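Take a look at the structure below.
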Amino acid sequence: MKYDFNQIEKKWQDHWAKNETFKAENKSDKPKYYVLDMFPYPSGAGLHVGHPLGYIASDIYARYKRHKGFNVLHPQGYDSFGLPAEQYAIQTGQHPAVTTEENIKTYRRQLDQIGFSFDWSREVRTSDPNYYKWTQWIFIQLFESWYNNDSNKAEHIETLVRTFASEGNSNINAICDDNIEIFSAEAWNNYSSEEQQEILLKYRLTYLAETEVNWCPALGTVLANDEIVNGVSERGGHTVVRKKMTQWSMRISAYAERLLQGLDTVDWTDSLKESQRNWIGKSVGASVTFNVIPATTSDEESHKIDVFTTRPDTIFGVSFMTLAPEHELVSKITTSEQKAEVEAYIEKTAKRSERDRMADVKTISGVFTGAYAEHPFSKEPIPIWIGDYVLASYGTGAVMAVPCGDQRDYDFAKHFNIDIPNIFDNVDISEEAYASKDNVKIANSDFLDGMNLKKATKRVIFELEKLGQGLGKTNYRLRDAVFSRQRYWGEPFPVYYVNGMPQMIDAEHLPIHLPEVEKYLPTEEGEPPLGRADVWAWCTETNSVVSNDKINNTTIHPLELNTMPGWAGSSWYFFRYMEEASNRDDFFASEEALNYWENVDLYIGGSEHATGHLLYSRFWVKFLKDRGFVNVEEPFKKLINQGMILGTSAFVYREEGTNTYLSEGLIKDKNVVPIHVKVQYVNASDELDIEGLKNDGEFGEEFKNAEFILEDGVYKVGREVEKMSKSKYNVVNPDSICEDYGADSLRLYEMFLGPLEQYKPWKTSGISGVHGFLKKLWKLYVDDNGLKVDNSEPSKDSLKTLHKTIKKVEEDIESFSFNTSVSTFMIAVNELTSQKCASKEILEPLLILISPYAPHIAEELWSLLGNNESISTATFPVFEEKHLVESSKTYPISFNGKMRFTLELPLDMSKEDIEKTVMAHEKTIAQLEGRTPKKVIIVPGKIVNIVG
RNA sequence: GCUGAAGUGGUGGAAUUGGUAGACACGUUGGACUUAAAAUCCAAUGUCCAUUAGGACGUACGGGUUCAAGUCCCGUCUUCAGUACCA
């Protein structure tokens, strides 16, 4: 019987699907375990061998946990809203829903053929109205909530409204917009409904606000920072301008501290936690208010500049202030003499994108405004400058410049010849600023003289508070997240507008379906694509979406034209899987389901989601918990970032100006151009299939008439490791691997390549190793006459092989070291083969060990052994130490730490006897050449080291 | 710059608390089987010296601790990833 992997794999994949082998139960006596892969976007290109890496790892773990007696939830689905489908729709006119459906089909077929143990009955798709109904619902809850700093959680907006009505807002401690005026209960009750709504928007966790965006008029859309290159759009090279737009924002900043603290409670890698910490960017310091000195005595208006500083202790070192060019005070305080210069500077900086400004750290630029502020303590005038090293979007957009203590301020001061007072005792600042926080001793600072950083900081804040010109403050870099997209293929907002004020549609009328449009582009007026929908108005009488021409602004109102961003649907999907598909109509997941599964125990995915998806999900989960909809604070307990599988590109070398290609060994001093060729035409020895290449239609005539100069009768290609991509012709498709070697080989090989987290190159030639292993495994059970396993008593050696394998594999899986288990299997099979082991007592448990990695062959052999139940239900073999107990040990005998020979000695031999035996050995005598050793180190069971 | 990860044969990588460096594979070379090829099997394979026996050197580099260092400590270099005028 041959190992016919194609037939075996198909057979078991069908069997698992038909019997719903991997369906998870929401009621079980077993402990639960939830294994999840990061949500895939079903791209049109399908999978390459790099994609399944994480899925294979999580699948091994899920299968292992089942063997270990857990009720495992291992679902899969699609983040099916998104840009590529929309882009494709714009180009071809095809509805994104249609192409998305096709892509999902391809994706599913490819996933199925790898043999994953997904519970497909729980599949979700973000673009499914039954799913986005609940995304819309969550949005409404966010709108209906505010963040109460006193209770330190989100509360229903009603609690806020009640307080407003009874006592005004002066006692409210909320996370809200900055520009909030104090009002009394009486005032509140007298406000018009619109005025009240406007105020409430400043408190809601999702709110409409003017946001500065990168607007590209030619594309009619907003661009992300990384879509802009050198000030023009990456696609098409169109001009991009900074523009204010009214957009939905999410008040994630309310959760900054909890998002930071929560990191200590989850089992993620340090690097991932670190990038989230950086992103949140907490800095502790003080806010200080500087009064602007009026230019003339008749000047009535008085201005104040608020700054944030992490070093309030250096306040006496301030010698100037710098405002961001966009700062609203700039136009108000600039003197007439400086006006022209300041305006020219502002115009110049407005043209540079924020990213450009940040990237260019070296050029120092700025302009004096002519105005002065008053130092809060010394009352000395301080010149006010503007400079683009100060960012409008961070802090208050203004800094108090302390050149002796901050390198950027120092450079700025040097450049413009501004005074650099030294307020540090015994520190030389003639070359650079003293930015260190260690060994600070303040001098020339009035009441702070002689104090260290900690003391001075405390004292300054105390004094500032006394003056009413400052207070201790913590600042976060984390900014509220823009939630509107000017796109078609996303979740529509459940929002309509009455007199310009946003109104939520009642949850009972959800979902609001994405309307049909005839084109997926923005309108001529620059409105988002939904502006093209004819049926896109809300009737408050029938509670339905009706034709736009019925809009009367009394009962029928326009609907929101933006859609939600990609992260909306992916911020809560892990809860949706918890509920069985048949029970999803009335809630996003039932309380029982949420209580049973709690959160994701193991989450595997790419590190590119470090600050996007992983931060937004945590934010939504904390919010949902505050409002009592879920009961966990963090969504993902343990998280592993899988590395990337890189391609090994192949190159041929064309001699410059000719149609001649030189083999890799011949290019030495020649002037050659390396050209990518398809890796399919290269064998394991880097030799090129020239005929194949010549006849490949995709390359056209390029190689048809080319001459190939061989070395030793073959053409050798050059190789280089690069990211897998179509344009580099190094993409390897899992379909062909499954066809040629089988899914089990693919699974094993992906794991065998190296540690999960690491980046490593793919080389198809290497797969023959694991494929050979599977054949050897097969032969251990089956020969030409069929099954050869018997009920013979296993040998001691075979028992030892089995049990050391159990031990190692179990340790490996628990520590996610899947690559080493594959080696362990190889060693086990090599050993059992040479032991001629045929004992069922050994070979049956061995299959369970291997089955998470190579489930198809394991199932097949398992059933050949006479089992009727799927191997996935079998209990993991139990390791027994007694089989590994040895009576002797092969000791390495070292001289001065270098191993010279080995000696087998009984393990129960005493130190003294070991020393005697070793010293008497002829090789020892030869090594010592008559010397007497100074010392003999004996570590029983480990090593003997002779010194001297 | 900062933060994080990493640097081991021709290649991917192993060495879990300091204790035989290079497991397991790929590739290469030689051999068996075959008319031949494929498949399979056997052997060798870190580098250098030596006919052998054996020896020297070897985990990015330079130091150190230790009987013993890929592993611990100090310094340097390189690569990758994230992030960045963050006040």
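Sequence lines set the chain letters: A, B, ... in the order given, protein chains first and strands last, and positions in each chain run from 1. It should be emphasised that the depicted structure is a prediction, and the values quoted were computed from it without experimental measurement.
- Residue-level contact check: A/Thr890 touches the bases, meaning some heavy atom is under 4.0 Å from a base atom.
- Across the protein-nucleic acid pair, A/Leu263 atom CG and B/rU3 atom P stand 18 Å apart, rounded to whole Å.
- We find that CG of A/Asn278 is positioned 17 Å from P of B/rA81, with the value rounded to whole Å.
- Distances from the side chain of A/Lys776 to the nucleotides B/rA25, B/rG19, B/rU83 place B/rA25 closest.
- Remark: A/Glu831 pairs with A/Thr801, A/Lys804 by the side chain to side chain donor-acceptor pair (under 3.5 Å) rule, at least two apart or across chains.
- Between A/Lys2 and A/Asp783 there is no salt bridge, since none of the side-chain N atoms of the basic residue sits less than 4.0 Å from a carboxylate O of the acidic one.
- Summarising the geometry, the separation between CE on A/Met899 and C1' on B/rG19 is reported as 12 Å, rounded to the nearest angstrom.
- Side-chain proximity of A/Thr902 to the nucleotides B/rU16, B/rU20, B/rU83 is greatest for B/rU20.
- For the ring pair (Phe, Tyr, Trp, His ring centres under 6.0 Å) test, residues two or more places apart in sequence or in another chain that qualify with A/Tyr715 are A/Phe708.
- Scored by the side chain to side chain donor-acceptor pair (under 3.5 Å) test, A/Lys760 finds no partners at all (sequence neighbours excluded).
- Residue A/Asn819 has its side chain nearest to B/rA14 when only B/rA14, B/rC26, B/rA87 are considered.
- Nearest to the side-chain atoms of A/Lys775 among the listed nucleotides B/rA15, B/rA39, B/rC41 stands B/rA39.
- Closest contact between the side chain of A/Pro755 and the listed nucleotides B/rC24, B/rU83, B/rA14 involves B/rA14.
- Between the CG atom of A/Leu774 and the C1' atom of B/rA39 there is a distance of 16 Å, rounded to whole Å.
- Of the charged side-chain nitrogens involved, at least one lies within less than 4.0 Å of a carboxylate oxygen, so that A/Asp812 and A/Lys808 count as a salt-bridged pair.
- Nearest nucleotide to the side chain of A/Lys808, out of B/rC24, B/rU83, B/rU16: B/rU16.
- Between the CG atom of A/Leu777 and the P atom of B/rA25 there is a distance of 13 Å, given to the nearest Å.
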Practice task
Take A/Ser649 and A/Asn730 through the side-chain hydrogen bond (donor to acceptor under 3.5 Å, both in side chains) test and state the conclusion after the steps.
Solution key: CA-CA 5 Å; A/Ser649 303; A/Asn730 60 3; 3.0 Å; yes
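- Across the protein-nucleic acid pair, A/Lys779 atom NZ and B/rA39 atom P stand 12 Å apart, rounded to whole Å.
- A/Phe752 is not listed as a side-chain neighbour of A/Asn819, based on a closest heavy-atom distance of 4.5 Å or more.
- Between A/His921 and A/Phe901, the ring centre distance stays below 6.0 Å.
- Between A/Asp306 atom CG and B/rA87 atom P the separation is 17 Å, expressed in whole Å.
- Applying the side chain to side chain donor-acceptor pair (under 3.5 Å) test to A/Ser663 and every residue at least two apart in sequence or in another chain returns A/Glu711.
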Polar atoms only, N or O, under 3.5 Å: list the protein pairs with nucleotides 4-12 of chain B and their distances.
unit_1, atom_1, unit_2, atom_2, d
B/rG12, O2', A/Leu753, O, 2.5

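- In the set B/rC24, B/rU20, B/rU16, B/rU20 carries the atom at the smallest distance from any side-chain atom of A/Lys889.
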Practice task
Going 5' to 3' through nucleotides 49-72 of chain B, assign each nucleotide B (protein heavy atom under 4.0 Å from a base atom), S (under 4.0 Å only from sugar-phosphate atoms) or - (no protein heavy atom that close).
Solution key: ------SS----------BS----
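- Residue contacts shown for A/Asn830 are limited to sugar-phosphate atoms, with no base heavy atom under 4.0 Å away.
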